[in-house]
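The shown structure was predicted, so the numbers you read here are calculated from the model rather than taken from an experiment. Atoms within a ligand are numbered from 1 in the order they appear, just like the ligands themselves.
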Amino acid sequence: MSRLMLGKTLERICKAVLLLCLVHFLIMTIFYLDIYTQRFDIFSRFNTRNFSKVHQYFNISKPNGTSLTFLGNEDHFVSSRKLDHNLTVTKKPLPMCPDVPPGLVGRLLIEFNSLMTMEKVQRENPDVRMGGKYKPSDCIAKQRVAIIIPFRHREHHLKFWLHYLHPILRRQKINYGIYIINQHGEGMFNRAKLLNIGYIEVLKDEEYDCFVFSDVDLIPMDDRNLYHCYDQPRHFAIAMDKFGFRITLKGMKVSRPDSKIGKYRMIKHERDKHNEPNPQRFTKIQNTKVTMKQDGINSLKYKLVNVAKYPMYTNITVDIGTPPPRPSRG
Ligand code: UDP
Ligand code: MN
């Protein structure tokens with residue numbers, strides 16, 4: 001008796017499984033037909049609903065610089081367009097990026113002991129474009145920011161800088177480009193001149209409206225420290241003072257990351273050759289009011305040696321025609 005019942009139950013289970021298989025096969029066939037013959041409009045509607053569920057924006061940039069934005073998943077859109085579905089893709093302009101980016105994490109752990117390679121940095125930042133450029137894909141940033149770094153023989157520091165800064169800038173939703181202004185030759189290192197040159201050269205590359213100057217060995221320890229320009233002119237004035245930067249400020253936005261103690265981690269290093277402190281530096285700063293009229297952008301002389309776009313940054317090598325290094329004392 002119980003054997004008979006067991007047999008019946010087994011039979012029922014088998015039938016149920018068979019039925020399930022059939023239904024599954026049927027559904028798969030309908031999907032298959034839908035994709036390849038586009039006959040079943042009902043499924044396109046189903047897909048459209050999926051779009052809003054995914055709720056992602058994506059951009060199609062046109063050569064003239066304008067871009068179209070679509071709601072949905074890029075793969076969906078591309079495949080549906082190929083198949084000429086009756087999809088109603090919601091066109092929606094990208095919103096402006098929020099003043100306070102939502103994905104920031106605050107305090108960061110910064111260390112310089114791990115092995116760092118440019119390949120690793122590249123792997124970590126696949127969405128950074130050639131030349132070290134990036135813009136958020138889900139919103140429009142208010143400014144285009146050029147990040148300018150004076151540079152010579154600091155490749156090791158640069159790897160760490162890029163490793164930390166690219167992800168921070170991305171979280172900050174900044175539209176940016178990274179520019180290394182590399183001093184050619186072994187003459188006295190002139191950081192201020194490199195920055196002035198950087199300002200001129202990056203504008204030949206793109207229309208930036210904000211300039212951030214950073215040392216290659218300075219890493220922010222908190223990603224709430226935003227790498228963009230602020231609106232109050234006062235802020236720029238402070239940046240200028242600290243910097244000893246002598247250039248006309250008309251209509252120009254310049255920002256320098258705030259370097260309050262504790263907020264930045266500096267890579268420890270020995271003083272570089274040919275970057276010894278200038279013995280005339282105090283007199284020079286006192287005379288700024290007089291010299292700034294002749295110095296700086298207006299009288300900037302240099303030779304552009306090379307511009308090269310690398311995956312994580314743009315390198316601009318310049319010959320600034322510096323006098324030979326001062327003989328070191330002792
Ligand atoms: N710098 C460089 N090579 C040099 C000297 C300086 O690349 O030989 C750049 C680099 O970006 C560095 C910045 O200039 O972070 C400031 O120089 P340094 O680090 O010597 O200044 P300090 O450590 O005294 O602030
Ligand atoms: Mn330093």
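The backbone and the side chain of Asp217 each have at least one atom closer than 4.0 Å to an atom of ligand 1 (non-hydrogen atoms only). At a 4.0 Å heavy-atom cut-off, ligand 1 touches Val216 through backbone and side chain alike. Only the side chain of Arg271 comes within 4.0 Å of ligand 1, judged by heavy-atom distances. Contacts between His153 and ligand 1, counted as non-hydrogen atom pairs separated by less than 4.0 Å, are absent for every part of the residue.
Given atom 11 (O) of ligand 1, the protein heavy atom at minimum distance is Pro150 O, 2.7 Å. Arg152 O, 2.8 Å is the protein heavy atom nearest to atom 3 (N) of ligand 1. Of the protein's non-hydrogen atoms, Phe189 CE2, 3.2 Å is the one closest to atom 6 (C) of ligand 1.
Geometry at the Mn ion (ligand 2): OD2/Asp217 and NE2/His269 form an angle of 90°, nearest 10 degrees.
Of the candidates Arg154, Met266, Met188, Glu186, Met266 brings a heavy atom nearest to atom 22 (P) of ligand 1.
For ligand 1, none of its N or O atoms has an N or O atom of Ser214 under 3.5 Å away. Every N/O-N/O distance between Lys273 and ligand 1 stays at or above 3.5 Å.
Panel note: side chain Arg152, backbone Gly185; a donor-acceptor pair is recorded below 3.5 Å. At least one donor-acceptor pair under 3.5 Å links the side chain of Asp209 to the backbone N or O of Arg144.
Among all heavy-atom pairs drawn from Lys173 and Ala141, the shortest one is O-CB, 3.7 Å.
At most 12 non-hydrogen atoms from other residues, nucleotides or ligands lie less than 6.0 angstrom from CD of Glu207. A 6.0 Å sphere centred on NZ of Lys303 holds no more than 12 heavy atoms belonging to other residues, nucleotides or ligands.
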Would you please test Lys120 and Glu124 for salt bridge (charged side-chain N to carboxylate O under 4.0 Å, His left out) and show each step?
-> CA-CA 6 Å; Lys120 182 175 184 307; Glu124 292 164 344; 2.7 Å; yes
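Using a non-hydrogen distance threshold of 4.0 Å, His269 registers as a contact of ligand 1.
Within the 4.5 Å cutoff, the side chain of Trp161 has heavy atoms near those of the Ile149 side chain.
For His166 and Tyr313, the ring centers sit 6.0 Å or farther from each other.
Listed by atom number, the atoms of ligand 1 under 4.0 Å from Asp272 heavy atoms are 4 (C), 5 (C), 8 (O), 20 (O). Listed by number with element, the atoms of ligand 1 under 4.0 angstrom from any heavy atom of Arg191 are 13 (C), 14 (O), 16 (C).
In this pair, Tyr199 and Phe211 present their aromatic rings perpendicular. The plane angle is above 60°, beyond the 30 to 60° band.
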